[in-house]
Amino acid sequence: MKRFIGFVKKEFYHIFRDKRSLFILFGMPIAQILLFGFAITNEINNVNIAILDQSNDVETQKIIYKIKASPYFNVENQIEKESDIESEFKKGKIKAVLIFEPNFSKNLETKKVAIIQAITDATEPNVANTIANYTSAIIQNYQSQKKQSNSNQVKVEVQSRMFYNPELKSVFNFVPGVMTVILMLVSAMMTSISITREKELGTMEILLVSPLKPFQVIIGKVFPYIFLSIINAIVILTLGYFIFKMPINGSIFLLAFESILFIISALSLGILISTVSNSQQTAMMLSLMGLMLPVIILSGFIFPVNSMPLPMQLISDIIPAKWFIIIVKAIMLKGVGIQYVWKETLILIGMTVFFITLSIKKYKIRLE
């Protein structure tokens, strides 16, 4: 045991001597959580729009006032005629134009129908769709207030509620995703590179002929990365909680258990990669192509899994990150207990056992 502890200390010394790796390990989580939290977002704020008010009456001014009061839109200018719309779009200063028809108030009183046309710049389809939805929400809010002011009219209202994320903050999605990516990167990629580095430099033979057993060598290699991964998870959760107000509604102990379980799963996957790789370059390519891209694309981090074709959904089922993201969101946002995430937890445990078993079978005690 004393020899094993000495070996683990040696591994820590190796890691802490490499300043560049330390900068990547601890700087990358902070940079990514800030990047995803502030820059990469599905929300829209302060979008420049223009108004073409062909009626210019009391009702149109009320609606324009509500739009100006919204944090989502910034009324850049007033357009005088429809022929100016295309030129305004070409300038790239506005993303949408709202057109109020002539005699807006009169049509609202006599015909009970008035038309507002929203024209959006669809060069960015997601943004255009979001602008249209937000515009409709503001107009529906005005319409409901208009109905309430007239007691003679029959009111039919549709009330919507958003559970768990009423403000639709995209950072609530990115914090679990970034946490998953970082843990997978540190645990799997760095572990596979660490072991293959020993093979590449020829020092693995020295370790194998040492008094340490092969499983002690492997555990000693991966133990520092368990420690570093836990620190990274704490850093990400701390940033998400204090900077982005990411809630942790569930049990912190359950969240810690699930995080450690995922770390061990990722470590076992890294060990598996190291057993089939003879060089750091091979391990890096397998980690990047086999782990990073599926984690980002197929785990539900950025793109909804349910919106993918069926073959891609089936592929996503074999990715541990998918199940961990589901667990983290359920615990942090919904505040659920183990009774609601037991299936995903069992899947992660099964994957971990599978990876470890396969790694043991593939592990060679003699290097070629």
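Because the structure is a prediction, the values reported are computed rather than measured. Both backbone and side-chain heavy atoms feed into the values below; hydrogens, waters and symmetry mates do not.
- For the pair Lys322 and Gln313, the tightest heavy-atom approach, listed with the atom from each and the gap, is NZ-O, 4.4 Å.
- Contact between Tyr225 and Ser229 at its shortest, heavy atoms only, is O-OG, 2.6 Å.
- Residues Ile99 and Ile51 fail the side-chain proximity criterion, which asks for heavy atoms closer than 4.5 Å.
- For Glu76, there are no side chain to side chain donor-acceptor pair (under 3.5 Å) partners at least two apart in sequence or on another chain.
- Listed by chain and number, the residues in a side-chain contact (heavy atoms from CB on, under 4.5 Å) with Ile115 are Glu101 (sequence neighbours excluded).
- Residues Gln54 and Thr60 are not in side-chain contact: their nearest non-hydrogen atoms beyond the backbone lie 4.5 Å or more apart.
- Side-chain contact between Ile67 and Ile49 is present, with heavy atoms from C-beta onward closer than 4.5 Å.
- With hydrogens and angles disregarded, no donor-acceptor distance shorter than 3.5 Å links the side chain of Trp323 to the backbone of Phe262.
- A donor-acceptor pair shorter than 3.5 Å cannot be found between the side chains of Asn133 and Thr130.
- Counting only distance, with no hydrogens or angles, the side chain of Asn232 and the backbone of Val235 share no donor-acceptor pair below 3.5 Å.
- Contact annotation: the side chain of Pro176 approaches that of Met246 to within less than 4.5 Å [non-hydrogen atoms, C-beta and beyond].
- Listed by chain and number, the residues in a side chain to side chain donor-acceptor pair (under 3.5 Å) with Lys62 amount to none (sequence neighbours excluded).
- With sequence neighbours excluded, the residues forming a side-chain contact (heavy atoms from CB on, under 4.5 Å) with Ile264 are Ile260, Thr352, listed by chain and number.
- In this structure, Ile326 and Val341 have side chains that are not in contact, with every pair of non-hydrogen atoms separated by 4.5 Å or more.
- Considering only residues two or more places apart in sequence or on other chains, Thr282 meets the side chain to side chain donor-acceptor pair (under 3.5 Å) condition with Ser279.
- Residues forming a side chain to side chain donor-acceptor pair (under 3.5 Å) with Asn103 (at least two apart in sequence, or on another chain): none.
- Between Lys95 and Asn48, the side chains place no donor N or O within less than 3.5 Å of an acceptor N or O (distance only, hydrogens not considered).
- Across all non-hydrogen atoms, the minimal contact from Ile271 to Ser274 is O-OG, 2.6 Å.
- With contacts defined as side-chain heavy-atom distances shorter than 4.5 Å, the pair Phe100/Asp57 does not qualify.
- For Asn107 against Pro102, the heavy-atom pair with the smallest separation is ND2-O, 3.4 Å.
- Residues Lys68 and Val75 approach most closely at CG-CG2, 3.5 Å, considering heavy atoms.
- Between the side chain of Ser268 and the main chain of Ile356, no donor-acceptor pair closer than 3.5 Å is present.
- Shown here for Ser105 and Val58, the closest heavy-atom pair between the two residues is OG-N, 4.2 Å.
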